[in-house]
Undergrad: 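Got a structure for you, questions after.
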Amino acid sequence: MYKLIIVLLLALLGSPAPAQQKGKATFYTRKWDGRKTASGERLYNDSLVCAHKTHKFGTLLLVRNPANGKEVVVKVIDRGPYAKGRIIDLSIRAARELDILSQGVAVVEVSVYKKPTEVPYKPENIELPDLEMEVTQGNSIVPQWQDSIVKNQKKEQP
């Protein structure tokens, strides 16, 4: 009895997506342009998005075409593909970037994209100009709120 419950719980929770997958990729047809996806976002042919069975919506995936070495980063916004043996459905632009439009179906490698940590650019030798700030006597600027205080202090002095 307990074994059955454990098996059911594991089946409901699902297994996490592997770190890297290799398999067949396809792409959406043009008729899907503008339609809502499973995440609620709309699919546009010129966007870099995809459908994946297990990765969370919003996950960035690095898709690589091993035949030519081209890579593209896509965002998961839909579920699928549901055809046997396929691991990812790409937008038309993503398929164009990978150069798989003419093939229809191509073998790709898919992994989670981790943004590289960016180190801000710091120039080695930078010369800053010297700024001279002068305050001339007698021409001081006093804010309005201080002006009344200064006038009151002058009146109080004998």
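Treat the numbers as computed from the prediction; the structure is a model and nothing was measured. Below, all heavy atoms of this structure are taken into account, side chains as well, without hydrogens, waters or symmetry copies.
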Undergrad: Could you identify which residues cluster with Trp32, counting Ile, Leu, Val, Met, Phe, Trp and Tyr as linked when any side-chain heavy atoms lie under 4.5 Å apart, either directly or through a chain of such contacts?
TA: Tyr28, Leu43, Val49, Ile77
Undergrad: Please determine whether side-chain hydrogen bond (donor to acceptor under 3.5 Å, both in side chains) holds for the pair His52 and Gln21, giving the CA-CA distance in whole Å, both sets of side-chain angles, and the decisive distance to 0.1 Å.
TA: CA-CA 11 Å; His52 197 275; Gln21 293 178 302; 2.7 Å; yes
Undergrad: For Thr37, enumerate each residue passing the side chain to side chain donor-acceptor pair (under 3.5 Å) test, keeping only those at least two apart in sequence or located in another chain.
TA: Ser39
Undergrad: Who pairs with Arg64 by side chain to side chain donor-acceptor pair (under 3.5 Å), at least two apart in sequence or on another chain?
TA: Glu109
Undergrad: Could I get the full list of side chain to side chain donor-acceptor pair (under 3.5 Å) partners for Glu41, not counting sequence neighbours?
TA: Lys75
Undergrad: Check Ala51 against Pro81 and note the closest heavy-atom contact, atom names and distance.
TA: O-CD, 4.1 Å
Undergrad: My understanding is that only residues two or more places apart in sequence, or in another chain, count here; which of them pass side chain to side chain contact (heavy atoms under 4.5 Å, CB included) with Ala38?
TA: Phe57, Asp78, Arg79
Undergrad: Supply the atom-to-atom distance Cys50 SG to Ile88 CD1, rounded to the nearest 0.5 angstrom.
TA: 4.0 Å
Undergrad: Atom CZ in Phe27, atom OG in Ser91: separation rounded to 0.5 Å?
TA: 10.5 Å
Undergrad: Should Val73 and Tyr113 count as side-chain neighbours, where that means a heavy-atom distance under 4.5 Å?
TA: yes
Undergrad: A side-chain contact here means heavy atoms from C-beta on lying under 4.5 Å apart; do Val76 and Leu61 qualify?
TA: yes
Undergrad: Going by the side chain to side chain donor-acceptor pair (under 3.5 Å) test, which pairs reach into residues 81-90, not counting sequence neighbours?
TA: Thr26-Asp89
Undergrad: Which residue pairs pass the salt bridge (charged side-chain N to carboxylate O under 4.0 Å, His left out) test when at least one of the two sits in residues 42-59, sequence neighbours left out?
TA: none
Undergrad: Taking the side chain as every heavy atom from C-beta outward, state whether Val107 and Lys22 have any atom pair closer than 4.5 Å.
TA: yes
Undergrad: Whether the side chain of Asp33 engages the backbone of Asn45 through a donor-acceptor N/O pair (distance < 3.5 Å, no angle test) should be reported.
TA: yes
Undergrad: Applying a strict under-4.5 Å side-chain criterion to I, L, V, M, F, W and Y, I'd like to know whether Val110 and Leu48 cluster together.
TA: yes
Undergrad: Show which side-chain atoms of residues 95-105 pair as donor or acceptor with protein atoms under 3.5 Å away, not counting sequence neighbours.
TA:
none

